[in-house]
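Worksheet: one structure, shown below.
Protein chains get the first letters and strands the later ones, always in sequence-line order, with residue 1 at the start of each.
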Amino acid sequence: MTRAFHVYIGFLIVFIMAPILIVAVVSFSGGKVPEFPPKSFSFQWYDYALNYSLFTRSAVNSAWLALISTVIAAPIAVAAALAIVRKRFPGRDAIQTFLLAPLIVPSIVIGLSILLGFATVGIRDIFFRLIGAHVLITFPYLVRTVIASLSRVDVTVEEAARTLGANNWRTFWHVTLPLIRPGIIAGMLFSFIVSFDNVSVSLFLTSARTNTLPLAILSYVEFNFDPSIAAISTMLILFSLGAAVILERVVGLRKVLGV
Amino acid sequence: MMKTRTALFFLTPAVMIMVALLVMPVGYLVRFSFFVGQQGAQTAGGFTLANYAKLLGDSFYLGILGRTLYLSLITTTLSVLTGYPLAHFMWKTSKRWRGMLTILVLSPLLVSIVVSSYGWIVILGNRGVINNALIGLGLIDTPVKLMFTNIAIVVGLVHIVMPFMVLSILAALERIDPLLAEAATTLGANRLRTLWHVILPLALPGIGAGTTIVFSLAMSAYVTPAVLGGSGPNFITTLIYHQFVTLFNWPFGATVAALLLSVSVGIVFFYVRVLSRVGALGVQAR
Amino acid sequence: MTTVELKKVAKRYGQTAAIDGVSLAIAKGEFVTLLGPSGCGKTTTLRVVAGLVESDAGSVSLGNIDVTNIPTHKRNIGMVFQSHALFPHMTVEENVSFGLRMRGVAADQRSTNINRALELVRLPGFNARYPHQLSGGQQQRVALARALVIQPSVLLLDEPFGALDRKLRDTMQVELRELTRRIGITSIFVTHDQEEALILSDRIAVMNMGCIEQLGTPAEVFERPQTKFVADFMGVANFVPASVLGSRGPLTALDADGIAVESTDAIQAATGATIEVALRAEHITIGEGDAGTSSNSVAGSVASAVYHGNASTYEVMVPGRSGQRRLVVREANRGATGVRFATGAKVALSWPSGAVRLLSR
């Protein structure tokens, strides 16, 4: 029983890791097509990917998009989390559910709604609507991490600051904020990844000229099948896993994902 | 404690972006689904139920909807069968390994779905890892078709949604008093019976929550069916894309999207109203 | 001279009154304890003084200034919490320095004050440590230094030793008593531990159901409880309903359910009125044989005998008018091995008239 169980677990872990590991190996391939195991090794596909303007341009777009959306969403999320955690009011749970609603709505529906909504009110700027959409999808993760770290701050510590002569603002600035800062940073990091990796929301909002990296990869794969995608992917994997380790250390990955 | 006025002030920006970016746009989407639909109709007007009648009356569309539900159901079932053992293993393992295991099991969520989809192409393709291995071992002569099949879609879907199942079940397992299993053992239950009679019933709320999340995520996934399922509308999400981008029939695309939205929101509501109540009873029974 | 004054302060949470008209005047340098069981309103009262809870009615003044509508951070109070509430992201020095920084004290002046405060709580040289590197007792001392360094007009202590183990608590109590007396700071201390209150306080306010039941020196509250609640909370074990028979010289004679009792307490109640007689278990003498016919003695049989080291506790059944009545007797062990009386033994109980307390309600 135990042995069979462990074998099964091993199989599942192989299943989980397989696509990621194989992509990483293939990226060092010396051949023209992705083959596993590669017959020869080289860095040529990294060289190719890093100099291919379609990828680099869309990567810069994605990075800006992720950064701007996160920076906009974070303070709004912190303010909302403060109100939700530090104030008891009727309908508090309802508000919290409302703020987490973008997690329930299928992302393809969010993307479409933003497309139609922005078109209806006459906003056609691509970057503008992309930012709107990405603020919306990153927001709930930020709210959740900030609520989680705020709930762990002992209220009496804030009260102590008040008895020592700090007003509300100084209490927040000197006591509450430093204590939830790791949570905020973790939330922002995760929010950056969510935005950077997003496909189904951006799908309808980009254009051939203003594209995000995941969408650029997606359209490239449709017509080309060389290992350059593996090279990009490996860089993305390293970035994500690095972020994952940081998140796990700082707040715990599960808190961020909130299940 | 915060003053009510301050709390309202702090909540206002959040509520505003939710209204401006979610509530109103979704309203527009739903309104669009009642416009008169035709190919190339990016801007349209009027009011009609014809889009819904077309979607729910045409065997081609019904076939896609049925396939979506069918594959999502299989994906959910497989997620339970893979997610429970993983959650159980993580629950039992020592603290030292748990952090690493967490990163490992959750990695499909952190690594871009485009990346893992590409990985599955390399694995499942006609000249991919699996076929090469099978041919190399002499088990088959010609490649087995895996890519662009239901199998490929399900494999890809399970890979990205199963972590949510693991998280939900693990959360339920961690609420179980560890002494409970020991108590069952002292009462003469062997390991399997303890699992069946004690642990599983208590993990049920987690399985319920996981099933809800996983099913709606599977149903609304786009990249996996688009990349691994091949060209043409084969899934509800690719149907939406097809209507919007290829046929430019926005009203009909909005109708399909509205249906997808109502099904996923419906599932969550069903869970909150019905399943969680059953789950709550399960917890109380202990 | 009054430093802290509460006038008819009230606070409700929904339907329940947390405090219900508390009035209290505290003199400069006085150490007053709010004592009572959980939910009696003692912590709420303290938090109203701190301004952490807004009262619904009544007023609070500190140093003759009405602070009822002044927010916490402008009240110049020092507060110590049960959970220490040290800032976990700051060193000891930064913690102690916080209140001074909020007051805009210059850096060089701050460091002098900080070091003096740390010396006061016997933690010199701990400046660079973080709270998590300190023991529970040390953390509480830092919290005390942090509250004292700002020279508050009143020091508020909310069960500060609740999280410490017994032995450490004893040491800290003595230290706190010595420290507050030495610097002469006005203090309000909240606890549910009567022994702690007796050790520390100049005066004790025993609270029940949101009201102060009795206010007095430790000796008064302990020796002369005025209500059954206070007597019970102060550890009195025996209560017997009694009717007043009248005065006999300096004494009051009563009929306590068939037992003739005399008390040195004068009573306001008229002859024939029903009151309550309270008698401490340790004030009853237990001996062999029959009781005499005089007052303040009764015969009975031992129902249970428990040995607890320095004392033994007996439950003795005595005949009362309304049936068998149980009296608890505690006898200090003076070289006896185990209990002196076994279950079922016939014993005589007696007590001095000075030990009998008469409670009007």
Side-chain angles (χ1 to χ4, degrees), chain A residues 74-75 78 81-94 145-189 246-252 255, chain C residues 13-14 43 46-47 49-53 62 67 70-90 94-105 117 131 139-140 142-160 162-163:
Chain A
V78 171
L82 274 171
I84 287 172
V85 178
R86 286 290 182 260
K87 176 76 193 172
R88 270 163 228 298
F89 53 89
R92 195 170 64 137
D93 290 351
T145 31
V146 178
I147 284 181
S149 47
L150 206 51
S151 319
R152 277 186 299 177
V153 174
D154 183 3
V155 183
T156 59
V157 172
E158 292 174 358
E159 291 178 348
R162 225 157 274 158
T163 64
L164 292 166
N167 59 21
N168 287 340
W169 168 247
R170 292 176 107 181
T171 301
F172 174 74
W173 185 254
H174 291 292
V175 177
T176 314
L177 186 60
L179 291 176
I180 61 172
R181 195 176 290 141
I184 296 176
I185 291 172
M188 288 175 79
L189 184 57
I246 295 172
L247 286 172
E248 174 66 17
R249 288 274 160 80
V250 178
V251 272
K255 283 246 163 53
Chain C
Y13 288 112
T43 297
L46 193 76
R47 291 170 67 84
V49 175
L52 294 170
V53 166
L62 295 176
V67 295
I70 290 179
T72 303
H73 66 274
K74 292 181 184 161
R75 289 195 182 190
N76 195 36
I77 46 169
M79 187 156 175
V80 179
F81 298 83
Q82 174 170 3
S83 61
H84 327 305
L86 292 179
F87 307 126
H89 57 300
M90 297 183 194
E94 285 163 348
N95 263 282
V96 179
S97 164
F98 189 84
L100 298 173
R101 268 167 63 209
M102 293 301 120
R103 282 164 175 73
V105 176
Q139 288 179 359
Q140 205 50 283
V142 175
L144 196 57
R146 184 178 69 173
L148 289 173
V149 76
I150 57 174
Q151 300 184 304
S153 55
V154 59
L155 178 65
L156 308 175
L157 304 115
D158 186 7
E159 308 224 18

Smallest heavy-atom separation, C:A85 atom then A:A160 atom, equals O-CB, 3.8 Å
Most heavy-atom pairs under 4.5 Å with chain A, out of C:A50, C:G51, C:P71, C:G99, belong to C:G99
Applying a strict 4.5 Å limit to non-hydrogen atoms, the region of C:I77 in contact with chain A is both
In terms of heavy-atom contacts, A:G165 and C:M102 come closest through O-CB, 3.7 Å
Interchain donor-acceptor contacts below 3.5 Å (chain A, chain C):
from	atom 1	to	atom 2	distance (Å)
A:D154	OD2	C:S83	OG	3.4
A:T156	OG1	C:S83	OG	3.0
A:E159	OE1	C:R47	NH1	2.9
A:E159	OE2	C:R47	NH1	3.4
A:E159	OE2	C:R47	NH2	2.5
A:L164	O	C:R103	NH1	2.6
A:R170	NH1	C:M102	O	3.3
A:H174	O	C:H89	NE2	2.9
A:H174	ND1	C:R101	NH2	3.4

The interface call for C:L86 against chain A, heavy-atom contacts under 4.5 Å, is backbone
